[in-house]
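Written out below as structure tokens is the structure these notes cover.
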Amino acid sequence: LSIKLSTTHRITLPRFIPFFNQSNISFDCQNSQETNEAIRQSHNLISRALLSLPPGKVKLSVIDPQKLGANAAPFTPLKKEIGGGLASNLNADIENKLASVIRNIERIIGRCLQNKYADLAAYNIAIKDVPEDYSLLVIYDFPHGLDDSAIKKILTIIKSGPRAGVSSIFITDRSAQIQYGFKWADFDAQTTKLSVQSGTTGNITLENDKSLPHDSIVLYINKKYDVA
């Protein structure tokens, strides 16, 4: 975030985007160049999310039906308990993954939050001894490779998930033709739109965000998880 103080002075501050317990993030992509850059940026967001809490306290789930998991390759070596291994690519795997995420949301809202806590952060502060994990769902090339049932589940997740500590990152293809009565407006109402193209109106633009050392971050998280 660049702020002009005068005609000769300008300062640059980090961009802070409310995420866990607050919102979901979608990259608004119009072409392959923007998509490739959004994928790179998503890796930075994933690494920062994994590092934001003690190792293992952020669980990662990836859905990548078009590239069969290649879009999230830097995080495949993560411990399976954290979310490493294969991404969900086939319809049955995607359905099972989304259903599991929804069950987790229902469990946290019904058993943990009830009418006592505003969100998972408030619950974890109050219940310090056994805090609940956060979850990060990353979906690439949305809505390609997703059927009506999957899209309905995703809309449920992005509406109810943040309060339960389940936030999502989407790399979207706005040129895709979607049936099933889906409306981008319903999706946009539950996400913070990011742009990788400077000057795009109405979006937050990420600039000068260099790639993080994802391999080293994954090794660090796995090592710390083993000794936790």
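Only heavy atoms go into these numbers, but all of them, side chains included; no hydrogens, no water, no symmetry mates.
A heavy-atom distance below 4.5 Å is found between the side chains of Ser42 and Tyr140. Leu155 is listed as a side-chain neighbour of Phe182, based on a closest heavy-atom distance under 4.5 Å. For the pair Leu45 and Val138, the minimum side-chain heavy-atom distance is 4.5 Å or more. Put simply, the side chain of Tyr134 reaches to within 4.5 Å of the side chain of Leu53, judged on heavy atoms. Side-chain contact between Ser61 and Leu137 is present, with heavy atoms from C-beta onward closer than 4.5 Å. Looking at heavy atoms from C-beta onward, Glu95 lies in side-chain contact with Asp147 at the 4.5 angstrom threshold.
Ring orientation note: the planes of His214 and His43 are nearly perpendicular, at an angle over 60° on the 30°/60° scale.
Ser168 approaches Asn24 most closely through the heavy-atom pair N-OD1, 3.1 Å. Heavy atoms only, all atoms of each residue included: Ser52 and Val58 are closest at OG-CG2, 4.3 Å. Among all heavy-atom pairs drawn from Thr35 and Cys29, the shortest one is OG1-CB, 3.5 Å. Smallest separation of non-hydrogen atoms from Asn71 and Ile39: OD1-CD1, 3.2 Å. Gly69 approaches Asn89 most closely through the heavy-atom pair N-OD1, 3.5 Å. Nearest heavy-atom pair, Gly165 versus Leu120, reported as atom, atom and distance to 0.1 Å: CA-CD2, 3.7 Å.
Rounded to the nearest 0.5 Å, atoms CZ (Arg163) and CG (Leu113) are 4.5 Å apart. Here the straight-line distance linking atom CG of Leu50 with atom OH of Tyr220 works out to 12.0 Å at 0.5 Å rounding. To the nearest 0.5 Å, the span separating OH on Tyr123 from CZ on Arg111 amounts to 10.5 Å. Atoms CD1 and CD, from Ile169 and Gln41 in turn, are 11.0 Å apart once rounded to the nearest 0.5 Å. Taking OG from Ser160 and CD from Gln190, the interatomic distance works out to 8.5 Å, rounded to the nearest 0.5 Å. For the atom pair Ser47 OG and Ile217 CD1, the distance stands at 4.0 Å (nearest 0.5 Å).
Taking 4.0 Å as the cut-off between side-chain N and carboxylate O, Asp186 and Lys159 do not count as a salt-bridged pair. Residues Asp141 and Lys67 are not paired through a salt bridge, judged by the lack of any N-O separation under 4.0 Å between the basic side chain and the carboxylate.
Results of the side chain to side chain contact (heavy atoms under 4.5 Å, CB included) test with Ser88 over Asn96, Leu98, Asp93 single out Asp93 as the only residue that passes. Of the residues listed (Phe27, Phe187, Trp184), the one engaging Phe170 in a ring-ring contact (aromatic ring centres under 6.0 Å, His included) is Phe187, and it is the only one.
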Could you pull out all donor-acceptor pairs under 3.5 Å where a side-chain atom in residues 101-110 meets a protein atom, sequence neighbours excluded?
| from | atom 1 | to | atom 2 | distance (Å) |
| --- | --- | --- | --- | --- |
| Asn104 | OD1 | Arg107 | NH2 | 3.0 |
| Arg107 | NH1 | Glu132 | OE1 | 3.4 |
| Arg107 | NH1 | Glu132 | OE2 | 3.1 |
| Arg107 | NH2 | Glu132 | OE1 | 2.8 |

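Checked by atom type, the side-chain pair Lys152/Thr156 shows no donor-acceptor distance below 3.5 Å.
Hydrophobic clustering (side-chain heavy atoms under 4.5 Å, transitive across Ile, Leu, Val, Met, Phe, Trp, Tyr) groups Leu51 together with Ile25.
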